[in-house]
Amino acid sequence: MSNTRRTHLELKYENMDISADLQPDLKSWTYTDNLSGQADDIQITLVDTAHKWIGSWMPSTGAVLKGAIIRENFESEGKSDKLPLGQFEIDTVDFNFPPSEVTIKGISVPESSSLRGQAKSQAWEKTKLSVIAGDKAKKASLKLLFDVDENPEYDRIEQTEETDLSFIVRLCNDAGLCVKVTGTHLVILDEAKYERQTSITTINKNAAIKSFKGSTTSTGMYRSCRVEFHDPKKKKKIKAVFTPPNAPKTGRELFINQKVESIAEAMRLAKKKLREANKNAVKVSLSVVGDPLYVAGITLDLNDFGLFDGKYIVTQATHSQQSGYDTSLQLRRCLEGY
């Protein structure tokens, strides 16, 4: 029996399976999975010569889509694997002519969500990040997944004319944390913790790579971080310097003057701030034959790419199908020791 490989998009519209209805008209689809700061999205382009997709079958903005990528017979005949895509709200429907095509776009954080709604102002005192995030998640009818070992604390923190999402992203960026919103969850995770995960695969240069681009920069990079704070109540200076393993022998030092209560807290802050400054030093973009294995947040190894060898975290995975099923990855080299 011949091994007939096949990939198809499974799609539910308002919980009704429309996969079979899509299939005759389906030109292409793209799903983008982001690690942090950006909503996931899905885009489906349909050939509409009969004008049914802008007629009686036209999808409504605000409607909910749920999707999955199904791959059949890739590992062996009769075996399939599946990548659940989560939930999206349709925010745009475009029609182009000629040729007659309809493009449906959905986003994981809808405009109707309280997270992306109007700008707000609010203040908190003596609180923690998990408390603020939990409050914002509840108002958006989401569950909070807080996968963080250290929970940042605030004497006072203000949200000033910001949307809830931009406010949470700002707090998490300051703390060196990632933010992701799915259709059902607000996820906050420690990127350093995820970078310490075991790599799930190795990509070799002689593998089926369709394209590769690597870049390294010294712009905005530092060899160490110094945190200093003069405590007026205790009349003493609290300071700490963090230098990571394998740091260059020469280079700039990042200086942070921010309130800390102890040397241990100063050291934690120095690590977070240096990570924030240095994490994009080495980046790679590559495209491979489509594979549900690749999602944002996993780690993998690159081999036989010279100076670009090493362990990387996936910051964005884009799965698409037009002439064939492809996966494009944005990678950032994992940092050592911080």
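- Criterion: ILVMFWY side-chain heavy atoms under 4.5 Å apart, direct or through other members. Under it, Ile313 and Leu286 are not part of a common hydrophobic cluster.
- Asp164 has no carboxylate O lying under 4.0 Å from a charged side-chain N of Lys139, or vice versa, which leaves the two without a salt bridge.
- Between Leu129 and Cys172 the shortest heavy-atom distance is CD2-SG, 4.2 Å.
- Atom CG of Leu65 sits about 8.0 Å away from atom CD of Glu14, to the nearest 0.5 Å.
- Defined by atom type and a distance below 3.5 Å, a donor-acceptor pair is present between the side-chain atoms of Tyr338 and Asn278.
- Classification of Asp155 and Lys126 as a salt-bridged pair holds, one side-chain N sitting under 4.0 Å from a carboxylate O.
- A centroid separation of 6.0 Å or more is found between the aromatic rings of Tyr325 and His8.
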Next item on the list: May I have the step-by-step check of side-chain contact (heavy atoms from CB on, under 4.5 Å) for Thr7 and Ile69, ending in yes or no?
Entry: CA-CA 7 Å; Thr7 305; Ile69 299 170; 3.8 Å; yes

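- A donor-acceptor distance shorter than 3.5 angstrom exists from the side chain of Thr217 to the backbone of Thr219, with no hydrogens or angles considered.
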Next item on the list: Go through Phe167 and Ile132 one step at a time and tell me if the side-chain contact (heavy atoms from CB on, under 4.5 Å) criterion holds.
Entry: CA-CA 10 Å; Phe167 176 57; Ile132 298 172; 3.7 Å; yes

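- Taking OH from Tyr31 and CD1 from Ile42, the interatomic distance works out to 8.5 Å, rounded to the nearest 0.5 Å.
- Counting heavy atoms of neighbouring residues, nucleotides and ligands inside a 6.0 Å radius, atom NZ of Lys138 does not exceed 12 of them.
- Side chain of Thr299 to backbone of Gln197: a donor-acceptor contact under 3.5 angstrom is found.
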Checklist line | CA sep, side-chain torsions, deciding dist, call: Leu46, Ile104, side-chain contact (heavy atoms from CB on, under 4.5 Å) | finding: CA-CA 8 Å; Leu46 302 162; Ile104 303 162; 3.8 Å; yes

Next item on the list: Decide yes or no on salt bridge (Lys or Arg N to Asp or Glu O under 4.0 Å) for Lys272 and Asp190, but give the supporting numbers first.
Entry: CA-CA 10 Å; Lys272 293 288 187 184; Asp190 187 342; 3.5 Å; yes

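- Classified by interplanar angle (parallel below 30°, tilted 30° to 60°, perpendicular above 60°), the ring pair Phe305/Phe212 is parallel.
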Item checked: Derivation of the ring pair (Phe, Tyr, Trp, His ring centres under 6.0 Å) call for Trp53 and Phe97 -> CA-CA 13 Å; Trp53 291 102; Phe97 174 83; over 10 Å; no

Margin query: Is there a side-chain contact (heavy atoms from CB on, under 4.5 Å) between Leu300 and Val314? Walk through the geometry before answering.
Written below: CA-CA 8 Å; Leu300 55 84; Val314 177; 3.9 Å; yes

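- Under a 3.5 Å cut-off, the side chain of Glu276 and the backbone N or O of Lys279 do not form any donor-acceptor pair.
- Without hydrogens or angle criteria, Asp33 side chain to Val295 main chain gives no donor-acceptor distance under 3.5 Å.
- Shortest non-hydrogen contact noted between Val148 and Ile188 is CG2-O, 3.7 Å.
- Cation-pi geometry between Arg226 and Phe255 is not met at under 6.0 angstrom from the ring centre and within 45 degrees of the axis.
- For the residue pair Lys12 / Gln87, no side-chain donor-acceptor distance below 3.5 Å is found, with atom types taken as modelled.
- Of the possible donor and acceptor atoms, none in the side chain of Ser224 sits under 3.5 Å from a partner among the backbone N and O of Thr243.
- Considering every non-hydrogen atom in both Tyr222 and Leu254, the closest pair reads CD2-N, 3.4 Å.
- Between the side chains of Asn151 and Ser130, at least one donor-acceptor pair of N or O atoms lies under 3.5 Å.
- More than 12 heavy atoms of other residues, nucleotides or ligands lie within 6.0 Å of CD in Glu161, so this atom counts as buried by the packing criterion.
- When hydrophobic clusters are built by joining Ile, Leu, Val, Met, Phe, Trp and Tyr residues whose side-chain heavy atoms come closer than 4.5 Å, directly or via intermediates, Leu26 is grouped together with Val93.
- For His185 (side chain) and Ala137 (main-chain N/O), no donor-acceptor pair under 3.5 Å exists by modelled atom type.
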Margin query: Between Lys27 and Glu101, is the salt bridge (Lys or Arg N to Asp or Glu O under 4.0 Å) condition met? List the steps.
Written below: CA-CA 9 Å; Lys27 180 181 179 182; Glu101 291 181 355; 2.6 Å; yes

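- Ser199 and Asp301 are linked by a side-chain donor-acceptor pair at a separation below 3.5 angstrom, with hydrogens and angles left out of the test.
- Glu195 contributes a side-chain N or O that, together with a main-chain N or O of Leu335, makes up a donor-acceptor pair within less than 3.5 Å.
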Next item on the list: Apply the test side chain to side chain donor-acceptor pair (under 3.5 Å) to residues Ser285 and Gln330: give CA-CA distance (whole Å), side-chain angles for both, the deciding distance (0.1 Å), then the verdict.
Entry: CA-CA 5 Å; Ser285 304; Gln330 300 294 326; 2.8 Å; yes

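- Between the side chain of Arg116 and the backbone N or O of Ser166 there is no donor-acceptor pair closer than 3.5 Å.
- Under the 4.0 Å criterion applied to side-chain N and carboxylate O atoms, Arg223 and Glu253 are not assigned as salt-bridge partners.
- Pairing each heavy atom of Glu336 with each of Pro244, the nearest pair is O-CB, 4.1 Å.
- Side chain to side chain, Asp326 and Gln321 fail the donor-acceptor criterion of an N or O pair below 3.5 Å.
- Atom CD1 of Ile263 has 12 or fewer neighbouring heavy atoms from other residues, nucleotides or ligands inside a 6.0 Å radius.
- Lys271 NZ to Met267 CE: the interatomic distance, rounded to the nearest 0.5 Å, is 7.0 Å.
- Atom NZ of Lys128 has 12 or fewer heavy atoms from other residues, nucleotides or ligands within 6.0 Å.
- In summary, Lys82 and Glu10 engage in a salt bridge, as defined by a charged side-chain N under 4.0 Å from a carboxylate O.
- Under 4.0 Å is where a charged nitrogen must lie from a carboxylate oxygen, and between Lys237 and Glu228 at least one such pair does.
- For the pair Pro292 and Asp81, the tightest heavy-atom approach, listed with the atom from each and the gap, is CG-OD1, 4.0 Å.
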Check: Yes or no on side chain to side chain donor-acceptor pair (under 3.5 Å) for His319 and Thr30, after CA distance, side-chain angles and deciding distance?
Finding: CA-CA 6 Å; His319 297 262; Thr30 301; over 6 Å; no

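- A salt bridge does not link Lys193 with Glu191: every distance from a Lys NZ or Arg NE/NH1/NH2 to an Asp or Glu carboxylate oxygen is 4.0 Å or more.
- A donor and an acceptor atom, one from each side chain of Asp304 and Asn204, are nowhere located under 3.5 Å apart.
- Looking at Lys259 and Asp231, no side-chain N of the basic residue comes within less than 4.0 Å of a carboxylate O on the acidic one, giving no salt bridge.
- Closest approach of Leu269 and Val260 over heavy atoms only: CD2-CG1, 4.0 Å.
- Remark: the backbone N or O of Leu11 is paired with a side-chain donor or acceptor of Ser19 at under 3.5 angstrom.
- A distance-only check finds a donor-acceptor pair linking the side chain of Thr327 to the backbone of Asp291 [under 3.5 Å].
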